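Whatever order the structure lists ligands and atoms in, that order sets their numbers, starting from 1. Computed from a predicted structure; not experimentally measured.
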Amino acid sequence: MYMNTIIKKIELPDGRKGLLEAAEILRKGGLVAFPTETVYGLGADGLREEAARKIYEAKGRPSDNPLIIHIADRRDLADLAAEIPEKAAALAKKFWPGPLTMIFKKSDHVPKGTTGGLDTVAVRMPSHPLALALLKVSGIYIAAPSANISGRPSPTCAEHVREDLDGKIDMILDGGEVEIGIESTIVDVTERIPVILRPGFITKEMLEKEIGEVALDPAVLLEKPKKEIVPKAPGMKYRHYAPKADLCIVEGKTERVIAYILENTKKKMEQGYKVGILAAEETKERYVQGIVKTIGSRKDDHSILQRLYGALREFDSIGVDYIYSESFSEVEHGYAVMNRLLKAAGYQRERV
Ligand code: TXA
Ligand code: MG
């Protein structure tokens with residue numbers, strides 16, 4: 001079914017009218033995409049099963065993959081979580097509003113249609129002013145996964161959302177480019193030692209500074225997971241975003257990485273293939289062939305996070321056959337960047 005998707009640019013505090021319209025759609029059980037500080041989310045009423053079902057349908061997402069419920073106030077957590085462990089309260093105090101999602105035992109009124117059938121619930125209080133305003137004006141808890149078609153990179157601007165979901169949802173609130181660019185860090189706080197289920201802007205070190213030891217789910221290590229590993233975040237088990245091109249991460253000393261990429265780009269181009277190169281600002285000019293995209297300077301990991309998904313989308317739309325990417329493991333949020341990049345590459349990497 002095709003619907004007319006309303007797209008509205010909103011600048012607070014003047015965008016009140018668009019916000020009211022979006023809130024009304026959500027209250028009636030419709031779908032509204034909105035910006036958060038991490039990526040754009042596709043929102044629906046978190047306590048209504050049929051609203052969640054619409055999200056799955058629009059995204060083409062398996063319905064056993066649970067949604068994150070967004071709240072506008074730390075106190076709302078008591079409504080959704082059956083218990084709030086002390087460490088979780090400490091993390092909420094420090095990092096909310098912000099790019100941290102925590103997994104709790106769910107309270108009775110969170111429907112299983114939102115949690116993918118699980119007894120736990122993922123909760124996050126976003127910091128984006130538009131997201132917070134939408135939560136407050138609508139007066140509901142908003143369940144929202146990233147606003148992309150399943151299997152595509154998360155959207156970092158309204159145009160990405162339009163590419164994927166135009167005609168499938170009621171409204172897109174355009175709040176410009178997001179600030180962070182990759183999805184929130186997910187921490188399971190139902191365990192005595194909390195476990196990171198998805199790395200993000202809030203690093204293990206930042207968490208440990210607040211609450212002591214934190215573990216990493218084996219599924220988020222930067223090595224190809226062995227078959228037996230079942231990730232605790234159901235979403236991490238699906239083949240995530242995979243570019244149409246064959247993506248390979250090249251690691252090693254800078255000069256050797258450049259030489260490897262130059263040589264292989266030349267070879268592939270001679271065979272008639274289109275080749276993309278993902279490079280840092282510092283080295284981009286060394287690549288004399290291929291379609292070079294830079295996602296920022298190694299000294300500015302902010303721009304690397306922010307531009308990663310956009311660059312991958314651009315390669316997809318150009319239709320390159322091969323992508324060679326430099327490694328970004330040494331930048332400040334390198335762990336989260338490499339987690340996304342290695343997944344996109346199907347863990348294909350070349351150490352030179
Ligand atoms: O930054 C973000 O987190 C964005 C913005 C919109 O808030 N949202 C987002 O949602 O990335 P999504 O659905 O694309 O990713 C949520 C991840 C999935 O991998 C899902 O399996 C996991 O969170 N998750 C949700 N509820 C869970 C639960 N109860 N237990 C374990 N994992 C859960
Ligand atoms: Mg997602």
* **salt_bridge(Arg152, Asp164) N-O dist < 4.0 Å** => yes
* Those residues that, when tested against Phe201, pass ring pair (Phe, Tyr, Trp, His ring centres under 6.0 Å) (two or more places apart) -> His333
* Is any protein N, O or S atom closer than 2.8 Å to the Mg ion (ligand 2), and if so, which? -> Ser146 OG
* Structure fact -> Heavy-atom proximity to atom 9 (C) of ligand 1, picking from Gly116, Ser146, Ala131, points to Ser146
* Asked: Which of the listed options, Thr38, Thr185, Val195, Leu100, holds the heavy atom that is closest to atom 1 (O) of ligand 1?
  -> Thr38
What atoms in ligand 1 come closer than 4.0 Å to a heavy atom of [X]?
X	result
Lys232	31 (C), 32 (N)
Asn65	18 (C), 20 (C), 21 (O)
Ala122	25 (C), 26 (N), 27 (C)
Ile68	3 (O), 8 (N), 9 (C), 10 (O), 16 (C)
Ser184	1 (O), 2 (C), 3 (O)

* Asked: Does Ile186 have a non-hydrogen atom less than 4.0 Å from ligand 1?
  -> yes
* To do: Take every heavy atom of Arg198, measure it against each atom of ligand 1, and state whether any distance is under 4.0 Å.
  => yes
* atom 6 (C) of ligand 1 [closest protein heavy-atom partner, distance rounded to 0.1 Å] -> Gly41 CA, 3.5 Å
* Asked: Is it the side chain (CB and beyond), the backbone, both or neither of Ile103 that lies under 4.0 Å from ligand 1, heavy atoms counted?
  -> side chain
